[in-house]
Amino acid sequence: MDLFNFKMPEQFIIMNNPLIIGAWISIILASVGIVFFVTKYKKWGYLWREWFTTVDHKKIGVMYILAALLMLFRGGFDAILMRTQLALPDMKVLDAQHYNEIFTTHGTIMILFMAMPFIIGLMNVGVPLQIGARDVAFPVLNAVSFWLFFVGAMVFNLSFVIGGSPDAGWTNYVPLSGSELTPGVGINYYLWGLQIAGIGTLATGINFFVTILKMRAPGMTLLRMPMFTWSTLVTSVIIIFAFPVLTITLALLTFDRLFGAHFFTIDAGGMPMMWANLFWIWGHPEVYIVILPAFGIFSDVISTFARKRLFGYHAMVISMVAISGLSFVVWVHHFFTMGNGPWINSIFSITTMLIAVPTGVKVFNWLFTMYKGRIETPAPMLWSLAFIPNFLIGGVTGVMLASAPADYQYHNSYFLVSHFHYVLIGGTVFGCMAGLYYWWPKIFDFKLNERISKWAFWIFIVGFNVCFLPMYLVGLQGMPRRIYTYKAEMGWTMWNFVQTIGAYLMGIGFILIVWAIIYSIRHEKRDRSGDPWHGRTLEWAIPSPPPHYNFSRMPSRITSADPYWDAKKRGESMFDENEPLKPIHMPNNDGMPIVMSGFMFIAGFGFVFEWLLIAFIGLLGVIGTMVWRSFKDYDADHYVQVEEIERDQAELQASLEGRS
Amino acid sequence: MLPFRKGAWKWLAVAGMMMAILSGCEPIKTGVLNPKGPVAQQQYDLIVWSAVLMSIILIVVFVLFVVIMVRFRASKLSKDYEPPDEKGNTFLEIVWTAIPVLIVIAIGIPTVTTTFDLEKSPSPNKKPITIEATSAQWKWIFKYPEQGIETVNYVKIPANVPVRFKLSSHDAMNSFWVPELGGQEYTMADMPMTLWLEADKPGKFQGRGNNFTGRDFAKMVFTVEAKKQSDFDSWVAQIKKTAPKQSEKEYKKLLKPGTVGLQSYSSYPKSAEVKNPNMPGMNHGGMDKDEMKDMPGMDHSKKKKDDKKKDDMEDMPGMDHSKMKDDDMDSEKD
Amino acid sequence: MASSSVPKGTPNFPEYQTEEGRLKIFGFWVFLAAEVVLFSTLFATYLVLADRTAGGPTGKDLFEVKDFMIETMLLLTSSFTCGLATLEMRKGNKKGVFIWMITTLLLGAGFLGMEISEFVAYVNEGATLQTSAFLSGFFVLVGTHGLHVTVGIIWISLVLIQVAQRGLTPTTCRKLFIGGLYWHFLDVVWIFIFTAVYLTGLI
């Protein structure tokens with residue numbers, strides 16, 4: 001615990017593999033290219049003013065989604081590498097160590113740095129607009145959340161090229177991840193990347209909880225909130241109760257690794273089993289944090305494109321609350337095989353199976369929303385429709401896994417791997433895609449190209465099933481997860497090869513989605529009128545993109561959960577046009593979040609390498625920026641004047657007339 | 001062609017769950033779906049039962065889904081069709097709450113009974129044999145306390161005799177899995193556990209470590225060979241006669257991280273015996289009462305890397321075990 | 001933010017005067033809920049490990065009744081004086097706020113000083129974070145609370161500087177009030193530490 005110890009890890013700069021050298025080259029090229037072009041076109045000021053210091057929830061949402069897509073690329077590339085290695089027996093694409101690193105980073109990135117920010121990005125974009133708020137409750141804190149997530153992701157990804165990646169799985173079980181069996185900086189990267197991002201997520205949970213409870217437009221009672229807003233509220237509660245557990249769990253292992261404590265060690269009374277418990281007490285709610293908002297998206301999208309009110313709104317709310325409650329009492333099902341005794345295993349089997357009840361209610365309610373509806377199938381609806389059968393496959397195998405004695409046979413096999421990919425891809429990723437396509441023409445003034453998107457969708461869906469259905473079979477054949485190679489005589493070759501084909505198809509699907517975005521930015525028709533889907537909820541009542549203050553007048557006349565739909569049916573506007581415009585109070589942009597997070601990066605880096613002096617300098621910087629912010633808190637907002645609002649409205653009017 | 005042989009309907013149920021991708025393919029006859037002992041058979045029955053119930057749900061929902069998609073596509077409907085403004089249907093919603101509850105009960109009851117069954121010997125009237133299975137980075141060590149022999153990376157068992165595997169780990173947590181004989185349990189350094197398995201007939205089965213333990217985890221496979229009791233006895237006698245004795249030093253060397261081939265020893269050092277480091281007297285993890293009595297007092301020597309600490313531990317006068325027991329129970333509930 | 005529309009039922013106190021103040025106070029309560037979870041996890045960990053002393057010293061060997069009773073009294077008293085400061089704040093009495101808040105901080109600093117010397121004494125007796133799982137749990141649980149107290153002292157001091165600069169405005173009052181909430185929360189956590197760690201450790 002020497003403050004001035006600067007011991008170097010075995011390898012500081014990693015250069016031992018063509019892939020990593022490739023990563024180095026692309027990182028350097030990309031950085032130089034970005035710096036060059038931004039400088040050449042003099043965009044630094046623009047970036048700083050409009051993005052880096054923004055507190056606008058819509059822009060923060062966009063940055064979250066961009067970062068998530070980037071991480072989806074990284075995590076997806078990991079997956080492609082793994083599938084290539086496993087395509088045939090005894091492949092030599094990756095050696096054991098690299099395979100172990102890659103499945104670890106794949107899992108961690110996909111859950112924490114892809115699914116979470118994607119969902120949180122969509123919350124940022126959607127929720128304030130859906131409830132008629134001009135921003136979230138704590139806009140600066142929101143920016144802090146984003147930048148902490150971003151820095152956490154950067155710290156974690158740095159491991160690939162500097163010091164070495166974590167290699168104990170995303171569950172990071174001790175004693176394997178303890179300092180005795182896995183010395184080096186890899187696990188430290190895991191601990192600090194997650195820790196920094198996790199603090200940001202906790203702040204997001206608090207922020208959206210307060211926003212939704214305290215900032216809804218007049219008339220929007222709790223039971224008139226759109227389902228996505230409901231799901232965000234429930235998710236925020238889960239975040240508030242689950243993420244502190246992660247904070248502590250990571251901190252305890254950090255104490256073990258850096259300072260020789262004995263929480264999880266085999267010797268001196270430590271208790272390795274406690275890691276599994278603590279990890280999943282956070283980890284199980286965590287998967288519901290990423291699935292419930294997706295449920296909310298599907299509810300909104302399905303009722304929009306079936307042109308019908310959501311079937312059983314109250315049951316949908318109750319079932320979601322029930323799922324969130326159950327999510328905290330099922331964690332033991334992740335380790336039925338740890339010798340918990342028959343009573344505990346039986347109880348947790350039953351609680352786990354019970355999750356099927358509210359989830360089943362939701363599935364039937366979605367189906368009956370479409371029944372007698374008028375179903376249209378643009379891209380967001382396609383992803384939502386695909387969700388139902390695919391998620392159901394994941395769901396029913398989940399019930400099978402919930403049976404403890406049967407789980408003795410599924411556990412840690414590809415059966416399990418397939419199950420959680422069916423729920424996480426079929427649920428969360430499809431939900432993110434549905435949300436992205438759905439709200440894209442709200443964030444911007446154009447839709448994403450339908451033709452390319454449909455190709456992308458079908459290739460991805462086919463690839464997904466080709467990749468993951470056979471995994472159930474090889475799982476039952478006894479193939480364990482996390483092995484880097486297998487022998488031909490195991491008889492797993494054919495299905496593994498098929499899976500790899502599926503994985504490549506998914507990769508093509510992803511590339512096409514990115515292509516659809518690029519293509520649409522250049523070619524899609526612009527339309528600022530704001531209601532491209534004939535929407536039902538408040539966000540569609542304002543222009544696209546909305547002004548930075550969202551609502552020039554506050555919406556009135558909210559009498560149901562589909563206020564805009566009902567207003568359109570009555571031939572009314574959501575807004576009282578006779579009401580005079582008033583100056584709008586808005587927060588100022590703020591440089592504190594990004595500066596503070598920069599210091600957090602330094603601190604994280606210092607802790608990863610156990611260079612405590614650097615770590616403490618970083619922490620002092622974090623505290624210093626917060627203190628500085630506290631003293632200039634008295635000058636943190638401004639009023640948008642009526643003239644500016646009128647100017648915006650005139651501009652919008654001109655754009656709409658120019659189009660028609 | 002569909003494989004209509006004995007038990008084919010069960011297989012069909014599983015295949016149906018996989019959305020018929022298998023139709024026309026050879027049924028898989030390895031692993032979980034090929035039970036070769038009473039434990040695996042019990043689990044197989046549970047798997048098939050749950051798969052059948054789940055298939056029913058899948059089929060119902062899929063049919064509903066397709067019908068609704070076909071019937072209510074906007075392009076199939078007349079231009080002036082307006083969806084009705086309905087809020088829900090309490091009766092229907094009660095129905096589709098009640099049905100999953102019934103299904104949960106239908107799976108839950110056999111789940112609970114099987115969970116308790118698996119804690120006991122699959123054939124209580126037969127005299128069991130005990131084998132200690134220890135995982136280390138990256139090999140499996142099998143000790144036969146009754147026979148006094150030790151094997152590495154392979155294990156032979158008498159067929160038709162219940163085997164009490166005492167599972168433990170030297171370092172990282174692994175999982176002991178022989179799919180054709182029965183489900184797995186973890187091997188842990190701080191809590192040895194018992195797993196009952198039995199093979200119906202002589203045969204060879206693939207076993208493996210199933211919980212990630214680092215670099216050469218993929219190579220932690222072993223074969224389990226079930227032999228007729230007489231063959232088993234003569235094999236033991238042969239090992240006793242021909243295989244070398246294992247010294248303390250050799251055992252320590254074996255435990256160091258690395259991979260090794262198949263090995264056999266006619267004896268093993270005392271320090272290699274599996275003990276429960278933290279909690280003798282605990283009755284969880286499937287350890288039965290008589291077994292507890294056999295367990296001698298605390299002995300940490302097996303897994304102590306730090307000799308100084310080891311001495312400290314052994315000097316500890318009268319650790320209060322009864323208290324520890326409660327805490328460990330608590331830790332599981334926490 | 002425009003303070004015109006104060007919702008019905010909102011107490012007429014300076015810290016609740018603005019929309020921003022109301023949101024932040026509510027948000028801070030939610031944050032405290034998260035803190036409760038955080039400390040619960042630490043308590044659970046500690047209780048699981050409490051008897052795993054690995055041959056090292058036990059709580060009985062280490063804890064001094066007199067010391068932790070004094071620590072408890074210091075912190076409980078500071079919570080009381082912190083409450084008095086809030087009352088003075090609502091009366092708009094800047095001087096009273098300073099008197100009671102500085103008393104609070106001094107009591108807090110006294111508590112902290114005693115805790116640090118307690119830790120130093122343990123380490124000198126050979127009871128460190130590295131000795132056993134019990135001591136790891138002890139140092140991290142009690143240390144996390146101590147860290148919170150440290151943060152509280154620095155934070156409230158900074159707020160007091162702002163009060164000195166700007167007087168008792170709705171914003172500074174909100175900051176003082178939130179600082180006070182935090183301080184009371186630390187007191188509550190300490191009561192649990194007092195019971196679950198020290199008193200239980202003596203038995």
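All of these numbers come straight from a predicted model, not from anything done at the bench. Each chain gets a letter, A, B and so on, in the order the sequences are listed, and its residues count up from 1.
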Heavy atoms only: give me the nearest [X]-[Y] pair and the separation to one decimal.
{"X": "A404(A)", "Y": "T111(B)", "answer": "N-CG2, 3.8 Å"}
{"X": "W177(B)", "Y": "S413(A)", "answer": "CH2-CB, 4.0 Å"}
{"X": "Y484(A)", "Y": "R215(B)", "answer": "CE2-O, 4.3 Å"}
{"X": "Y81(B)", "Y": "K372(A)", "answer": "OH-O, 2.5 Å"}

Rounded to the nearest 0.5 Å, how far does [atom2] of [Y] lie from [atom1] of [X]?
{"X": "Y486(A)", "Y": "R208(B)", "atom1": "OH", "atom2": "CZ", "answer": "12.0 Å"}
{"X": "N345(A)", "Y": "T115(B)", "atom1": "CG", "atom2": "OG1", "answer": "6.5 Å"}
{"X": "D85(B)", "Y": "D562(A)", "atom1": "CG", "atom2": "CG", "answer": "8.0 Å"}
{"X": "N340(A)", "Y": "M193(B)", "atom1": "CG", "atom2": "CE", "answer": "8.0 Å"}
{"X": "T337(A)", "Y": "Q184(B)", "atom1": "OG1", "atom2": "CD", "answer": "5.5 Å"}
{"X": "F311(A)", "Y": "E93(B)", "atom1": "CZ", "atom2": "CD", "answer": "5.5 Å"}

Original post:
Quick one: do R307(A) and E82(B) make a salt bridge, cutoff under 4.0 Å?
Top reply: no
**OP:** Evaluate the ring planes of Y173(A) and Y186(B), with Trp represented by its six-membered ring, and classify them as parallel (under 30°), tilted (30 to 60°) or perpendicular (over 60°).
**Re:** perpendicular
**OP:** Over 60° means perpendicular and under 30° means parallel, so classify the ring planes of F116(B) and W343(A), tilted if in between.
**Re:** perpendicular
Is [X] close to chain B through its backbone or its side chain, or both, or neither, when contacts mean heavy atoms under 4.5 Å?
{"X": "W275(A)", "result": "neither"}
{"X": "K569(A)", "result": "side chain"}
{"X": "L310(A)", "result": "backbone"}

Original post:
Can you tell me if CH2 on W49(B) sees more than 12 non-hydrogen neighbours from other groups inside 6.0 Å?
Top reply: no
Subject >> Pairwise side-chain contact, S50(B) with V399(A), heavy-atom cut-off 4.5 Å (strictly under) >> reply: no
Subject >> Working for ring-ring contact (aromatic ring centres under 6.0 Å, His included), residues F368(A) and W96(B) >> reply: CA-CA 11 Å; F368(A) 276 75; W96(B) 59 61; 4.8 Å; yes
Original post:
Is the closest side-chain donor-acceptor distance between N412(A) and N210(B) under 3.5 Å?
Top reply: no
Original post:
Looking only at atom types and distance, does a side-chain atom of Q43(B) sit under 3.5 Å from a main-chain N or O of P405(A), one as donor and one as acceptor?
Top reply: yes
I need the residue from [options] with the largest number of non-hydrogen atom pairs under 4.5 Å to chain A.
{"options": "G214(B), P100(B), P84(B), G108(B)", "value": "P84(B)"}
{"options": "I68(B), T90(B), T213(B), L77(B)", "value": "I68(B)"}
{"options": "G209(B), A172(B), S175(B), A40(B)", "value": "A172(B)"}

Original post:
Passes side-chain contact (heavy atoms from CB on, under 4.5 Å), F217(B) versus R482(A)? Steps please.
Top reply: CA-CA 8 Å; F217(B) 160 68; R482(A) 294 175 174 175; 4.2 Å; yes
**OP:** Mind running side-chain contact (heavy atoms from CB on, under 4.5 Å) on V61(B) and F364(A) for me, showing each step along the way?
**Re:** CA-CA 8 Å; V61(B) 175; F364(A) 280 103; 4.0 Å; yes
**OP:** For side-chain contact (heavy atoms from CB on, under 4.5 Å), just list the numbers for I393(A) and F62(B), CA-CA rounded to whole Å, side-chain angles, deciding distance to a tenth of an Å, and then say yes or no.
**Re:** CA-CA 10 Å; I393(A) 294 174; F62(B) 277 27; 4.1 Å; yes
Original post:
Hey, mind stepping through Y408(A) and V39(B) against side-chain contact (heavy atoms from CB on, under 4.5 Å) and telling me if it holds?
Top reply: CA-CA 11 Å; Y408(A) 281 29; V39(B) 175; over 6 Å; no
